[in-house]
Participant: 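I have a structure here, written as structure tokens, and I will follow up with some questions on it.
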Amino acid sequence: MGDVVARRGSEELGEAEAANRLMRLAKEIARHDKLYHDEDAPEISDAQYDALVRENRELEARFPQLARPDSPSRRLGAQPTTSLAKVTHARPMLSLDNAFSDAEVHEFVARVRRFLNLPADEPVTLTAEPKIDGLSCSLRYERGRLVLGATRGDGTTGEDVTANVRTIGDIPQHILSAPDLIEVRGEVYMSKADFEALNERQGAAGGKIFANPRNAAAGSLRQKDPAVTAARPLRFLAHGWGEVSEPLATTQLLAMERIEALGFPVSGLLRRCDTVEEALAHYRTIERHRADLPFDIDGVVYKVGRLDWQERLGQVGRAPRWGLAHKFPAEQAETTLEAIDIQVGRTGKLTPVGRLKPVGVGGVIVANVTLHNRDEIARLGLRVGDRVRIQRAGDVIPQVVENLTRDEPRPAYVFPDHCPECGSEAVNEEGEVDVRCTGGLICPAQRFERLRHFVSRGALDIEGLGEKSIAEFIELGWLSSPADIFRLRSHRAELLGREGWKEKSVDNLLGAIEAKREPEGPRFLFGLGIRHVGIVTAKDLLKWFGAIEELRRAALSAGGEAELSSVQGVGPVVAEALVDFFHEPHNQQALDDLLSEVSPQAFVSEAKQTEWTGKTIVFTGSLETMSRDEAKAQAERLGARAAGSVSARTDLVVAGPGAGSKLKKAEELGIRVIGEEEWARIVAEA
DNA sequence: GAGCCTCGAGTTCC
DNA sequence: CTCGAGGCTC
């Protein structure tokens, strides 16, 4: 990193120094642009980059005569965006739950048994194979021809890297005797030896040095120019599949053998394990060979062998119930805690962030670490200046594991009792761990974070309206509530006069905003930022109420909390949060204002529309061929809700042997009651 | 009433 | 990804 980065404050510079400084800034910024856009390997954070750009701009403002022809300010905004086309996966690319101990692996199998309601003597066969540290990729073949290669992305939407995967030798362009349609999934990676050699070549040519094989593989695959990818030694190892036009086999192992026969590399360490003990023994074998393997691995993946069971097990959230990643222990490092800063979130939560003397852990440099809350700091006895041991949890988020200098006499860290952003009192609510700023919308940090949340990817997802732009528009007085976003178009002319905003970027932004005038209902509701209402609860609420207005009516009505509580997943706390939100005059006004600009769509369930859509089903008594969880999952697949107790809102009761009070109540209320067999028939039909 | 599971909220580095 | 908290089940 150039020393330019570390410079602060340009107020004192004379003209000659300023000219010199501008020249170095131009070079440095161009270098970082290249690192970021072309090599996918930024050396500095966005904030540091912005600081350089800002310094350049300020200097040019003070010495206009010194503005250089190659000044970064002339190029900014005209930057080519090296974004690849997005593709939606035909079947989502799931991620696996992680385990770090033998006990968790035992628990995984026990869960599988419980869910499938298996007798104790029924063996659960697993497969076990190394988990390669690369990046997941899906390869789609139609009538034997490779037609699409896509990265995992967020699991639902990835990037189109077809031209790039075609350059990878391990990946066949054509496959014979394959199903009409098959998506082969696996890991794109770089071997350790190839990685070292690549870095050597890169170093000799003055190019970018990659931090680890994973980054090198990611950077190489996500190139705009396939010729660059072709020059990089990428490999591929298949570990699964996505959409297929016909079943591949009856077991995971046979399916992988079939994929191997089609011409894809499959791990030589893939084994069938008939017991948990065998699986754990294979884990230890792989762990022993870890250093000798030609590529980096970060654990072992187990999958339930029988594919019919995999299907029944289904998924929770983004993870299948039939798979588990057993990770190796995380790499740790020691460093110094140089400062503790406080961040204020959209809910007012004060989060302490540790600033570390940068240190390498697991292939990346870590400089920040979340300290979670006041209790965590106390638990670790952290003070500025302490030596700490850190690790990257699950190899991603850094965390402090231990304070190595607890015993040294140093003043204890005092957690602030006022918000560092707005000065309002910060309080620790009864029974809560968190300390929150009481400033509400008076607090600039909370206002800013709420706007950011409103446009964020899970909510309205307005592209191009990032942190920087929001800050800029707030500063200009154009933006203070979400509704203002939809009035930004009235500032088009002024915006065009501002630095960094050329016609194209302005049109892109305003276009992205206009595209969200009719947002999806749940995203809109989630975006409002009501406490305890995330995207899942927002969906559940709208599944029940249909439209925001109906929800508001319920929240404002006399028996509001009770009506809200009939929604699955909504209890007294969430109900109260909703009632509070809709009663608050400022919120009412802001919502009306917002609704004058946008029209949220009524909610349409993702599940297929069936006669069961929106119906409420209660399971009672014992079920013989499936567990209660499985029955509930089936109900949800039909678009119905599985409730816990019988009420007037219940549409169907599935009663097994031993059903008691619920069955009696159903009969009293005249609700249709069926047995398990008939339920199975309904599921089979749908 | 205890324990399990799901969800929300905050966050890291690339 | 982790953590705490809320909701639900037993």
Side-chain angles (χ1 to χ4, degrees), chain A residues 35-36 39-48 95-98 100 107 110-111 114-115 135 151 210-212 214-219 222 315-319 321 325 327 330 341-356 358 360-373 375-376 379 390-401 429 431-434 436 449-450 452-453 456 458 526 529-541 565-577 619-620 622 627-629 632 642-645 662:
Chain A
L35 286 170
Y36 184 90
E39 297 174 27
D40 215 9
E43 281 177 3
I44 58 175
S45 71
D46 288 356
Q48 287 169 316
S95 53
L96 295 172
D97 270 343
N98 291 323
F100 292 92
E107 175 51 27
R111 260 177 82 164
R114 271 202 306 277
F115 193 92
L135 67 160
T151 62
F210 293 101
N212 53 50
R214 210 205 84 84
N215 282 3
R222 297 180 60 254
Q315 63 189 76
V316 205
R318 271 197 220 97
R321 289 195 189 87
K327 296 291 199 76
D341 290 347
I342 299 287
Q343 287 177 1
V344 183
R346 79 179 153 90
T347 62
K349 183 189 166 186
L350 269 51
T351 305
V353 180
R355 308 295 177 193
L356 305 171
V361 201
V364 300
I365 307 291
V366 172
N368 302 308
V369 61
T370 175
L371 302 176
H372 299 298
N373 53 50
D375 288 5
E376 179 77 357
R379 188 177 69 78
I390 64 164
Q391 70 178 19
R392 294 213 300 154
D395 276 345
V396 179
I397 311 279
Q399 60 183 199
V400 175
V401 186
E429 273 165 45
E432 273 198 8
V433 173
D434 297 335
R436 304 196 116 84
E449 293 296 333
R450 285 193 207 186
R452 221 160 64 104
H453 171 73
S456 69
F526 170 54
I530 302 168
R531 253 303 248 358
H532 303 122
V533 178
I535 189 65
V536 174
T537 306
K539 263 186 204 167
D540 288 343
L541 284 165
S565 297
S566 57
V567 175
Q568 171 199 40
V570 175
V573 176
V574 180
E576 193 190 342
F619 295 91
T620 179
S622 55
S627 70
R628 197 171 288 250
D629 277 350
K632 287 174 82 171
S645 60
K662 288 186 200 171

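Naming: A, B, ... by sequence-line order, numbering from 1 per chain.
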Participant: So which nucleotide from B/dC13, C/dG7, C/dT2 ends up closest to the side chain of A/Ala367?
Facilitator: B/dC13

Participant: Quick check for you: among B/dG8, C/dG4, C/dT2, whose closest atom lies nearest to any side-chain atom of A/Asn373?
Facilitator: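 It is C/dG4.
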
Participant: Taking ring pair (Phe, Tyr, Trp, His ring centres under 6.0 Å) as the definition, give me every residue that meets it alongside A/His372, ordered by chain and number, with sequence neighbours left out.
Facilitator: none

Participant: Could you tell me how far apart A/Gln391 (CD) and B/dC13 (C1') are, to the nearest whole angstrom?
Facilitator: 16 Å

Participant: For A/Asp375, which residues count as a side-chain hydrogen bond (donor to acceptor under 3.5 Å, both in side chains) partner, sequence neighbours excluded?
Facilitator: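 side-chain hydrogen bond (donor to acceptor under 3.5 Å, both in side chains) check on A/Asp375 returns nothing, list empty.
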
Participant: Indicate the atoms forming the closest heavy-atom contact of A/Phe526 with A/Ala538, along with that distance.
Facilitator: N-CB, 4.0 Å

Participant: Checking contacts here: which listed nucleotide (B/dT6, C/dG6, B/dC14) is nearest the side-chain heavy atoms of A/Arg111?
Facilitator: B/dT6

Participant: Just to verify, what does A/Thr347 make a side-chain hydrogen bond (donor to acceptor under 3.5 Å, both in side chains) with, not counting sequence neighbours?
Facilitator: A/Arg436

Participant: side-chain hydrogen bond (donor to acceptor under 3.5 Å, both in side chains) with A/Gln343: which residues, sequence neighbours excluded?
Facilitator: none

Participant: Between P on C/dG4 and CG on A/Leu371, what's the gap in Å once rounded to a whole number?
Facilitator: 14 Å

Participant: Could you give the CD-to-C1' distance, from A/Glu376 to C/dC3, as a whole number of Å?
Facilitator: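 Result: 9 Å.
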
Participant: Which listed nucleotide (C/dG6, B/dG8, B/dC14) is nearest to the side chain of A/Thr537?
Facilitator: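 Selected nucleotide (nearest to the side chain): B/dG8.
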
Participant: Rounded to whole Å, please give me the gap between CZ in A/Phe210 and C1' in B/dC14.
Facilitator: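 Rounded to the whole Å, the gap is 12 Å.
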
Participant: What is the distance from CZ of A/Arg379 to C1' of C/dG4, rounded to the nearest Å?
Facilitator: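 Distance check: A/Arg379 CZ to C/dG4 C1' gives 14 Å.
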
Participant: Output all residues satisfying side chain to side chain contact (heavy atoms under 4.5 Å, CB included) with A/Arg450, sequence neighbours left out; order by chain, then residue number.
Facilitator: A/Arg346, A/Leu441, A/Gln446

Participant: May I have the distance from A/Asp434 (atom CG) to C/dA5 (atom C1'), rounded to whole angstrom?
Facilitator: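 Rounded to the whole Å, the gap is 10 Å.
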
Participant: Does any non-hydrogen side-chain atom of A/Leu371 lie less than 4.5 Å from one of A/Val400?
Facilitator: yes

Participant: Hey, which of these two, A/Ile535 or A/Arg355, hits DNA chain B nearer its 5' end, going by closest nucleotide?
Facilitator: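 Whichever sits nearer the 5' end wins; that is A/Ile535.
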
Participant: Rounded to the Å, how far apart are A/Leu541 CG and C/dG6 C1'?
Facilitator: 14 Å

Participant: Between protein and nucleic acid, restricted to nucleotides 9-11 of chain B and to nitrogen or oxygen atoms under 3.5 Å apart, what atom pairs and distances do you find?
Facilitator:
{"unit_1": "B/dA9", "atom_1": "OP1", "unit_2": "A/His532", "atom_2": "N", "d": "2.9"}
{"unit_1": "B/dA9", "atom_1": "OP2", "unit_2": "A/Arg346", "atom_2": "NH2", "d": "3.0"}
{"unit_1": "B/dG10", "atom_1": "OP1", "unit_2": "A/Thr347", "atom_2": "N", "d": "3.4"}
{"unit_1": "B/dG10", "atom_1": "OP1", "unit_2": "A/Thr347", "atom_2": "OG1", "d": "2.5"}
{"unit_1": "B/dG10", "atom_1": "O3'", "unit_2": "A/Thr351", "atom_2": "OG1", "d": "3.2"}
{"unit_1": "B/dT11", "atom_1": "OP1", "unit_2": "A/Gln343", "atom_2": "OE1", "d": "2.8"}
{"unit_1": "B/dT11", "atom_1": "OP1", "unit_2": "A/Thr351", "atom_2": "OG1", "d": "3.3"}

Participant: Rounded to whole Å, how long is the line connecting atom CD of A/Gln399 with atom P of C/dG4?
Facilitator: 12 Å

